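First up is the structure itself, then whatever we jot down about it.
Lettering of chains follows the sequences in order, A, B, ..., and the numbering in each one begins at 1. Just so it is clear, the structure is predicted and the values come from calculations on it, not from any experiment.
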Amino acid sequence: MNKIATLATAFILLSIGGCKKYLDQQPLTAVGSEMVFKDVPTTLQALAGVYGRLAGDNAYGLKLALHYPVDDDILMGPSGNNDDRRGMAHFSLTSLNAELAAPFNQLFEGIMLANICIDEIPKMEMYSSGAEQEKKQLQRMYGEALTLRAQFYYEALRNWGDLPGHFIPSYIQASTEPFPLRIDKDVLYDHILADLKDAANLVPWRNEVAGIGDQVDERITKGTVKALRARIALTRGGYSLNQGGTVSRPSNYLDFIKIARDETNEIITSNQHSLFPDYKGLWKDIVCGRKTVDPNGELMFQVTAIGGGGTADSKFGYANGPRVNGAGNSFVNPLPSYLYLFDSTDVRRDVTIAPYDVQVNGISKTGMAITAMRDGKYRRDWISNPVVSPTSAVQYFGLKWQLIRYSDVLLMFAEAENEINGATAAAYDAVNMVRRRGYGLPISSTSAVDIPAGLSKADFFKYLVRERALELGAEGIRKYDLIRWNLLGQGLKEANDNMALMGLRSTTSMSYTYMAGYPTYAAVPANLPSNMYFRSAAPLPGGDNSSIWVHSYYKTNTNPGTGNTSVAWVNSSLTTTMITPTIPRYGYINFKTGKSELFPIPQSAREANKNLSQNPLY
Amino acid sequence: MIKGRVTDDTGVPLQGVSVIPKGSKTGVQTDKDGNFSISLPGTGEATLSFSYTGHKPTSVSTDGKSALSVQLERNAATLDDVVVVGYTSVKRKNLMASVSSVGAKDLKDVPINNVAEVLNGRLAGVTATTSEGSPDANVRVRIRGGMSITGNNDPLYVIDGVQVENGLSAISPQDIQSIDVLKDAAGTAIYGARGANGVIIITTKSGKPGRTIISYNGFYGVKKIAKVLNVLDPYEFVAYQAERSRLQGGSDSTGFLNSYGTTWDTLNVYKSYPFVDWQEEAFGQTGNTTTHNVSASGGGKKLTFNLGYTYNRDKAIVINSSYNRNLFNLKADYNITNKLKVGTSSRYSNLNVYGAGVSADNGSSSLSRLRNAIKYRPYTSNAQDVEDYTDPSVASGIGNGLNLANPIKLANSEFRRKTTNTYNVTLYAQYTISKNLIFKSTLGIDRNERVDRQFFDTLSPQSKSNNSKPFVTLDTTIAKTLSNSNVLTYAFAPSKDHNFDFVLGEETLDIKTESHSNQNRNFPYNVTANYAFDHLDSGAALPTYPRLNKSRSTQLSFFGKIGYSFRDKYLLSANLRMDGSSKFAPDKRWGYFPAGSVAWRLTKEKFLSNVTFLNEAKLRFGYGTMGNNRISDYLYLNTYVNNTRFYGLNSQVVNAYVPSSLPNESLKWEATVNRNWGLDLSLFKNRVNMSVDYYLNTSKDLLLNVNIDPTYGFTSQLQNIGQTENKGWEFQFNGDIIRNAQGFNWNANLNFAFNKNKVVKLGPGQTEAPQTAYGLSGASDYMLRIGQPLGTMYGLNTDGFYTANDFNYNPATMEYTLKSGVVDDIAIIGAPIRPGSIKFKDISGPNGIPDGKIDLNYDRTIIGNPNPKISGGLNQQFNYRNWDMSLFVNFMLDFDVYNANRIEFTNSYSPNSNLLGIMKDRWRNIDPATGESLIWLNSGKVYGVAPDRLSSVNANAQIWQPLISTGAFTPHSWAIEDGSFLRFNNLTIGYTLPVKSVNSFHMSKLRFYFTANNFAIITSYSGYDPEVSVRNDARTPNLDYSAYPKSRSYIFGVNATF
């Protein structure tokens, strides 16, 4: 027995010696937070994770940019009424819609990642005791994380209403509160507005970026923070659908309008940003030219796209815009009634609307019927640096989504200023700058295209509603503008009415009650062409838009003969495709006020958390 | 010269008994009448050893006699067999654990290459379900239904004393001596961690001293698909497409005209179109299987060895799908001195599996290949042959990625080769310190390298989403396991009545995994798969690739056991194991797993000594706790990786640090308490053996991947949540029914089990946890609910379809509107409800009573139970002279299968897709006689002909109109089917040539046999096969979705011994 005891003791002792260490296995290829939040470059990699959730198919690389913001009074999604991305566009979706869960989840992944950075960065030793430049760089990143969280929340709140509130890392909160309740959206909006106020003090202006040792790229600067805060304040002070089923705005809404006015005013007076003088060049040469930034800082918040896949790239130019060699989804179609809202000399018309597809040679264009026009700001035939071959099967082009442009800042300023002080000179100035640039005119000189002087507050607002449609079309903004103005249902109806007049070639003028209307020469459908003819025989190299047509958009015409092909324009085919199709197409038919302002909470989320109640009428 | 005759204990002569004089190396065998003659060297006394399979070896002294009559006692029930339980060997008669075993004798009847398949149905309480029919399919082995509800319910595999991951994949059935399955705590507790799901102990064949025996086992067989599903023929297919196209507006759409070149009037042309059943094209080929197994075994006093080589080749029924394997094994034992013995048991296997299979590994529906074989247009046109045919009507951007492609073209555009190299090396040294004190140290080195090469040519979905250029993934995974156990055993008998034995041991387990993954795209067109694999740089790596992931987990254990027996009558045993695992936080690291068992051998009692028919009766009881830590590494830590996500800045990829999962620092051991009562009986000269067991197991702190609120930024987290209970009865009978002097033997082995499980507890405040397995619709389809069995199916209750009577009709406008009071399911099907739409039962509503509306929140119920009431198998073996036959059937009764294929293959969500044949009896929207539209939609409203006409055309409709909206994928009870089956698994007929005739070829045995595998099944299940489970997860069992169809095989084989 002694022998046994000795032996047993010996080998047990031997083993126990190394035991504690033996069982202490640390990650090998993964790392702990102390390695991530260690210095500036590694922290930037953590921040890139937060930025990264803006990108890809399930965020601003496709769905949040193209699928979620349609239909409205200027655009519609593609035909079809299935409960899929198309049904979503036309307000006929259910909580099982397959396009809902992934973007919903991704926005909250972004919030989760931002919460980690917000928690960790200020605790870093370098944050408080690093070199001055390191401190500034880390402060910027802290502010960026706050700003990104605000953007994710803003996108979620405007689509789904009340939601759980997460402002600390999930690994702290999830175990104590596994089934969080939905929190009043206004409470959450107030939280992110306060965050953005703090963030603005942490993030440098655009022209200060190089000074703190950062490269000049697409990252957020102080102007972005302020512009975003203005936008969110306008939403907070605007109309929205409540869980009770009513659409209302808060009684103290002017407080929020004032925030928007002050923030935009600060951006304008800072002189950090200005309009890029050439509207077409902005889209064709800078955005489709795949430049990092524009010299004027008009592109204030760009979501980048890279990698050629659904994770961090974008499908613009494939999922929307003219098809090239038959490839593409042309998901977004400008409404016929929208085309004529533009003045004939407004440069923005032919940038925003591309009524053609491109043939296999990459040069010849096929004119599209007025009901099948493509949106044009992201178009594959404009892509350069390098150009894309017309026969390429690529679907991801690395085009960046523009979340906020400086012209939006000017228009938000005009809107807020008008709400508070009426149509002041400053408000006029802001709108007119945008307009003049839109017509290719000198930005600071009075011009014939300026909006009429001496407008009342209410009339000035109507011009503003139209100007935002003309300037920001197909940038994912309009539907949400109409919701905050409580005009979405009305907008859909009036656009539908105007298209009905077009289908009838009516002699009655088209008009809107809530916004400034059509140029007189474009308002009467009977005076517009019944068909348009494009030059199929003689392709024009490099030509786009109106250059493909034989005639003007604004005068009736006759068949010019061989070498030209006809497409349906303002005639009865517009009625059968848009107004009375067998498959409901334009969202006017399915829109229900008190319901359609929000999407349903995805079924999968509700099954994981029973405390997530469903939105009204779903 | 000595002559003699050998018989068994009933007087039946035994043929082939080996007779060896003591001290000699050569001997003779008895002939068919049991006679032998042997010339002995020298004169006088000699001792002859007689040995024969299944009988006790006997030595007989010649005593100078010239003729011997020897009776060999049957080793029936093999009570003296040794079973390796918990680091020591135990005689079966002294077992206190619930053990089921399969021996080489059973294995020889099953010429298949997968060991796990052998287990299915043969052992009470053990099920082995092949997740699908592919040559390398995962076999889900469950002992007593499995306890855990985490993904991993696999038992622990111990091969020749060493724990081996994926124990069954690198071993050939022909090399196995025995498989013992330990089912209760009395057997498994000593294995501690990971013993909770049962332990499968495999002992490989070892050499015996004496002549070197060379054996050859080989077989060749062919296989065919066991069943194909009935689909619509070309005419019916086009007729439905016409119906679908006319639904909007009531007239043939231009899309329909363009796709099919006809209107309804001339549809008859499709009656002459040859029908292409893509199932036949894609999986209808004749497969074949070849196996060669050669082994040499033998040895002398000091060294014994068994050396083997196995070659398997298998061409599957699915096109481009095949499998080959080369396997070497060596087992050797060497006695260095009387006290010191060393040995090894080592294997090397090289496995190649070719073919992309049917379902994607991730179960993604968009990559399901089975769908194409069912749904693709059932004819070709323009005299194209099936390999080149592209359906012009199939659009490429259908929502949710449900694209269709020619299954042959798709299969030809995808190449996959999975290569697995497995090295298992076990080394041991055993030192006998003193007579009863033995020290054994065992070292196991296990290395598993898997290279998965996939090439996607331009037609495949992967290529399509990557610029339509060839795309490659190449993943290498290396898993290295190092285990070491050191065990002291001591037997101590203070007197004849009292016997003690002690085991004291320590074990370490160190598992390292390493994976390298590549994804490259934009290869030049027309590049070959092999070129692309060898020249990855001719494509471009995707951002964050190549990726490297490494992890390591360690485990340290101490264990001890005390056994005591009094006069071999009362047996007691107690053991304790402590396991420490690196997978948990330091304060949660150690688990303590005690167990105890008692047994009473009643037949040793005096009062039973007169009961002559009872040879053995034993009562046993065992109680113990076991643990489970089979989860990923480091889950308690907050860790970040920078090789999954990225963002572009200034046109450069910035790799992003993101957390790999939502950590849970309170993770701890899952624990199972196991109670087992058993009775073993041996009757009528050991000719009938039976065991009955009752068990009651409870598992708590289950390691469960829980769906969490996605607003936390993760959709799931691993948590210790809930409690399950598992109880049941198991019966096992083994009988020598007939043994007669004419040489006819009939042996039968029957087992059956009743298992019941239920969820006892879930997370705090949680009464149910929905699960998603099929999930195309986003709705969950399985449910964990307190009080209900594990893995119940969940969904709406199907209630036929709407008829004209459910609607009000306005003859003036021809509009149909739903009558008030009729249940409305528009929220589910998302399209206007019309006569012929599917209908569901209204179960409840927001106020707790039926609300007239169907929605997922109030109208779903438990609709299926995946657990069979009873399962079992019957194996019968017959011998008549040189002939042998075995028939094995197994069955499972009263359980449900979720036939998700049925949901997808009867809907028409994707236009121009084919349907199952049952949709022929659908509600019609076109009068087949006149071609008139009966129902159509316009601007979201329903119009149609008068109700009378509508009803008369559809008087015989059996099923609804195919669904076309997203709701088409909603799970409902119609897809839950009873899976009860009786399967004729295996029939073997063999003939062994007379010894004399083979002796002239220097052979001692030559047997030919024929086997039919899976040759018939009796079931009412409508899918391919009711034994299916494509998600290898205890929470979502029995899902039939895009599974690889099973085949039927006919095999001819030979066993030869030299």
Side-chain angles (χ1 to χ4, degrees), chain A residues 4 7-8 11-12 15 19 22-23 25 27-33 36 45-46 48-49 51-52 55 82-85 94 96-98 101 105 108-109 111-113 163-164 166 170-171 174 179-180 215 217-218 292 304-307 309 312 329 393-394 582-584 603-605 607-609, chain B residues 248-249 397 399-400 433 437 467-468 486 488 490 504 506 542-543 548-554 556 580 582 589 634 638-642 645-651 653-658 660 662-663 707-713 715 770 777-780 827 830 856 938-940 965-966:
Chain A
I4 311 168
L7 262 164
F11 86 78
I12 287 176
S15 334
C19 123
Y22 182 70
L23 291 180
Q25 295 302 330
L28 299 172
T29 42
V31 296
S33 62
V36 177
Q45 281 188 275
Y51 270 110
N82 272 330
D83 183 12
D84 60 6
R85 57 203 169 125
T94 69
L96 292 175
N97 190 294
N105 294 353
F108 280 100
E109 254 187 83
I111 290 167
M112 175 273 292
L113 294 168
L163 289 165
H166 301 305
S170 294
Y171 52 78
F179 309 113
Q215 70 171 355
D217 54 23
E218 296 93 340
T292 301
T304 69
I306 202 163
N329 302 131
V394 174
T582 54
I583 303 172
Q603 187 68 26
S604 52
E607 294 191 349
N609 177 6
Chain B
Q248 297 293 347
N400 292 344
I433 299 164
L437 180 63
N467 312 335
S468 289
N486 298 296
L488 266 178
Y490 180 65
L504 194 61
E506 171 266 358
L542 267 67
L548 168 68
N549 283 302
K550 283 163 79 172
S551 71
R552 181 180 178 196
S553 73
T554 46
L556 172 65
S582 65
R589 212 157 257 176
Y634 319 123
N638 196 11
T639 61
Y640 298 79
V641 292
N642 68 349
R645 294 277 174 71
F646 56 95
Y647 187 67
L649 282 177
N650 209 2
S651 301
V653 168
V654 180
N655 280 5
Y657 270 119
V658 293
S660 22
L662 184 59
N707 285 343
I708 61 162
D709 183 341
T711 66
Y712 279 116
T715 51
S777 65
S780 47
L856 293 177
N938 207 330
S939 294
S965 59
T966 328

Below 4.5 Å, heavy-atom pairs only: which of A:Ser33, A:Pro27, A:Pro180, A:Ala55 has the largest tally toward chain B?
A:Pro27
Select, from A:Val31, A:Val394, A:Thr292, the one with the greatest count of heavy-atom pairs under 4.5 Å involving chain B.
A:Val31
With a 4.5 Å cut-off on side-chain heavy atoms, are A:Ile306 and B:Tyr647 touching?
no
Identify which part of B:Pro710 has an atom lying under 4.5 Å from any heavy atom of chain A, answering side chain, backbone, both or neither.
both
Under 4.5 Å from a heavy atom of chain A, the part of B:Leu542 involved:
neither
Where B:Gly648 and A:Thr304 come nearest, the two heavy atoms and their spacing
O-OG1, 2.6 Å
Leading residue by heavy atom contact count with chain B [cutoff under 4.5 Å; candidates A:Gly309, A:Ala101, A:Ser170]
A:Ser170
Go through the steps to decide whether B:Asp709 and A:Phe179 satisfy the test side chain to side chain contact (heavy atoms under 4.5 Å, CB included), and finish with yes or no.
CA-CA 7 Å; B:Asp709 183 341; A:Phe179 309 113; 5.9 Å; no
Does any heavy atom of chain A fall under 4.5 Å from the side chain of B:Arg645, the backbone, both, or neither of them?
side chain
Partners of B:Asn549 by side-chain contact (heavy atoms from CB on, under 4.5 Å), sequence neighbours excluded?
A:Thr29, B:Ser515, B:Asn643
Quick one: what part of B:Asn642 sits under 4.5 Å from any heavy atom of chain A, side chain, backbone, both or neither?
side chain
Candidate pair A:Leu28 and B:Tyr634, rule side chain to side chain contact (heavy atoms under 4.5 Å, CB included), full reasoning
CA-CA 10 Å; A:Leu28 299 172; B:Tyr634 319 123; 3.8 Å; yes
Return the OH to CG distance between A:Tyr171 and B:Asn638, rounded to the nearest 0.5 Å.
5.0 Å
Going by distance alone, is a donor N or O of one side chain under 3.5 Å from an acceptor N or O of the other, for B:Asn707 and A:Glu607?
no
I'd like to know if the side chain of A:Gln25 reaches the main chain of B:Ser553, judged simply by a donor and an acceptor atom lying under 3.5 Å from each other, with no hydrogens or angles considered.
no
For A:Ala48 and B:Ala656, the nearest pair of non-hydrogen atoms, with its separation, is C-CB, 3.7 Å
Is the ring pair A:His166/B:Tyr712 parallel, tilted or perpendicular, if the boundaries are 30 and 60 degrees?
tilted
Distance-only, no hydrogens or angles: does the B:Tyr657 side chain make a donor-acceptor pair with backbone N or O of A:Gly49 under 3.5 Å?
no
For A:Ile111, is it the side chain, the backbone, both or neither that has a heavy atom under 4.5 Å from a heavy atom of chain B?
neither
Using a cut-off of under 4.5 Å for heavy-atom pairs, which of A:Pro164, A:Ala312, A:Gly307 has the most such pairs with chain B?
A:Gly307
Worked check of side chain to side chain contact (heavy atoms under 4.5 Å, CB included) between A:Asn609 and B:Thr711
CA-CA 9 Å; A:Asn609 177 6; B:Thr711 66; 5.5 Å; no
